Undergrad: 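First the structure, which I've put down as structure tokens, then a few questions once you've had a look.
Since we're looking at a predicted model, the values are computed, not measured.
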Amino acid sequence: MSTNVSQLLKRIRKFIPPLDGSLHKGQSGRVAVIGGSESYTGAPYFSGQSSMLLGADLGHVICEPGASTVIKSYSPDLIVHPLMCESKRATADRPTSKIVEEIAAQLDRLHCIVVGPGLGRDPMMQDIAEGSIREARKREMPIVIDADGLFLVTNKPELVMGYEHAVLTPNIMEFKRLAEKMQVDMNGDATTLCAKLAEKLGGVTIIQKGQKDYISNGKETMVVENQGGYKRSGGQGDLLSGMTATMLAWKKCYEEGTWKHDNDLSGHEMTALAAFGAATLTRYCGRKAFEKRGRALQASDLIKEVGGAYVDLLDGDEPKVKL
């Protein structure tokens with residue numbers, strides 16, 4: 001393991017809540033996933049569940065009623081709110097504005113939200129997601145945006161423009177579409193491209209997923225290249241979004257002084273470290289799951305590795321394995 005990676009993991013440990021009995025329920029992170037539609041129920045589950053398995057105390061999913069019962073059946077640990085609405089079920093007494101108000105009422109109890117897993121591209125669902133992002137920005141909440149949340153941002157980049165608490169997690173095609181929207185010159189190496197797009201968006205943090213993961217806020221760039229799994233099954237990005245959200249929730253708890261610490265980390269640094277830590281953990285989960293499952297690997301195999309990945313990489317003063 002390079003000194004750089006080891007040192008970054010050491011910095012991450014500084015804003016992980018202590019597990020010594022001193023904190024009460026919710027003080028190690030309260031996260032909500034905003035997404036989940038009739039057709040897509042797995043993605044919000046994987047995002048919310050991975051968030052909790054990494055260490056968040058409370059995990060919420062805010063979704064469409066057609067998805068809520070299904071998601072509840074996946075896990076009794078997630079708190080599911082059937083507040084969203086697809087266009088075909090819209091009623092005059094619950095317009096988009098009222099639904100956004102209902103979601104906004106939940107935000108004050110949370111540390112971080114993930115927008116996009118299972119969201120779909122239905123116009124009303126997209127409008128609700130837009131309103132939720134705007135409400136989160138008013139509260140200066142960390143926001144992770146993935147999947148069809150990125151479709152929304154590509155159409156309306158002003159939603160995240162200049163918002164330093166936003167982390168975007170595009171895959172190759174999502175990155176390409178967003179870069180084209182922002183008229184980013186696609187010439188140059190991947191490190192340069194990620195930085196260019198982050199700068200164009202006013203300093204948001206981007207995790208550009210690929211054979212290597214590039215993380216940049218337009219000023220500083222990191223590369224995550226520990227070995228992952230070779231099988232690219234659907235749902236792996238949802239684990240990344242959920243674990244990123246937990247780390248950003250820990251950042252929020254650190255900033256609020258939830259436990260005593262040396263106040264050695266800035267919010268800017270912690271956002272970058274959260275992205276780096278989540279990407280490193282996700283790739284490690286992929287590697288461990290692939291060793292066991294090979295070609296049969298699914299996202300449900302990766303999620304079983306989250307707790308062990310934390311122990312191997314972040315529990316204690318030094319990692320227990322070589323990346």
Side-chain angles (χ1 to χ4, degrees), residues 1-31 49-59 111-112 142 144 167 205 207 212-215 217 220-229 239-292 302-323:
M1 178 181 298
S2 70
T3 303
N4 184 45
V5 173
S6 180
Q7 288 301 312
L8 289 171
L9 294 176
K10 186 174 183 178
R11 296 291 284 175
I12 290 169
R13 291 186 194 99
K14 293 175 75 70
F15 66 96
I16 296 175
L19 200 61
D20 59 7
S22 63
L23 304 180
H24 61 68
K25 182 175 67 176
Q27 290 188 310
S28 289
R30 302 184 295 272
V31 173
Q49 191 75 349
S50 61
S51 172
M52 293 191 71
L53 287 170
L54 183 59
D57 283 345
L58 295 169
H111 293 116
C112 181
V144 182
V167 178
T205 296
I207 306 175
K212 297 180 181 179
D213 296 333
Y214 295 93
I215 299 169
N217 58 13
E220 300 169 336
T221 301
M222 294 182 287
V223 183
V224 183
E225 51 189 332
N226 57 296
Q227 181 62 56
L239 272 75
L240 173 63
S241 70
M243 287 195 278
T244 303
T246 291
M247 291 206 165
L248 291 173
W250 290 344
K251 164 187 175 287
K252 189 75 170 174
C253 294
Y254 180 96
E255 291 173 330
E256 291 175 350
T258 303
W259 66 92
K260 291 183 179 180
H261 52 72
D262 58 12
N263 204 32
D264 182 45
L265 300 168
S266 68
H268 172 85
E269 181 182 5
M270 283 189 285
T271 297
L273 288 171
F276 180 87
T280 301
L281 285 163
T282 301
R283 295 174 74 93
Y284 184 72
C285 288
R287 167 184 150 189
K288 297 297 288 184
F290 184 78
E291 288 172 355
K292 297 174 183 177
L302 268 74
I303 208 165
K304 298 171 186 174
E305 304 295 334
V306 173
Y310 174 87
V311 171
D312 286 348
L313 300 183
L314 292 171
D315 192 27
D317 295 330
E318 294 291 336
K320 298 176 176 60
V321 297
K322 182 178 181 180
L323 292 176

Undergrad: Taking the side chain from Asp57 and the backbone from Gln27, do they hold a donor-acceptor pair closer than 3.5 Å?
TA: yes
Undergrad: More than 12 non-hydrogen atoms from neighbouring residues, nucleotides or ligands closer than 6.0 Å to NZ on Lys320, yes or no?
TA: yes
Undergrad: Hey, does Lys292 have a side-chain heavy atom less than 4.5 Å from the side chain of Glu305?
TA: yes
Undergrad: Salt bridge (charged side-chain N to carboxylate O under 4.0 Å, His left out) between Arg11 and Asp264: does it pass, once the steps are laid out?
TA: CA-CA 9 Å; Arg11 296 291 284 175; Asp264 182 45; 2.6 Å; yes
Undergrad: Taking everything shown except Asp262 itself, do over 12 heavy atoms lie less than 6.0 Å from its CG?
TA: yes
Undergrad: Between Val306 and Gln49, does a side chain to side chain contact (heavy atoms under 4.5 Å, CB included) hold up when you go through it step by step?
TA: CA-CA 10 Å; Val306 173; Gln49 191 75 349; over 6 Å; no
Undergrad: Counting C-beta onward and ignoring hydrogens, is there a side-chain heavy-atom pair between Thr258 and Pro17 closer than 4.5 Å?
TA: no
Undergrad: Please lay out, stage by stage, how Leu248 and Val144 fare under the test side chain to side chain contact (heavy atoms under 4.5 Å, CB included).
TA: CA-CA 9 Å; Leu248 291 173; Val144 182; 3.6 Å; yes
Undergrad: Any idea which heavy atoms bring Trp250 and Trp259 closest together, and the distance?
TA: O-CH2, 4.0 Å
Undergrad: Does His111 form a side chain to side chain contact (heavy atoms under 4.5 Å, CB included) with Cys253? I'd like the steps, not just the answer.
TA: CA-CA 8 Å; His111 293 116; Cys253 294; 3.5 Å; yes
Undergrad: With heavy-atom distances below 4.5 Å as the criterion, would you say the side chains of Leu8 and Met222 are in contact?
TA: yes
Undergrad: Over 60° means perpendicular and under 30° means parallel, so classify the ring planes of Phe15 and Tyr254, tilted if in between.
TA: perpendicular
Undergrad: Could you walk me through whether Leu313 and Leu323 pass the side chain to side chain contact (heavy atoms under 4.5 Å, CB included) test, one step at a time?
TA: CA-CA 9 Å; Leu313 300 183; Leu323 292 176; 3.7 Å; yes
Undergrad: Is there a donor-acceptor pair closer than 3.5 Å between any side-chain N or O of Asn226 and the backbone N or O of Thr280?
TA: yes
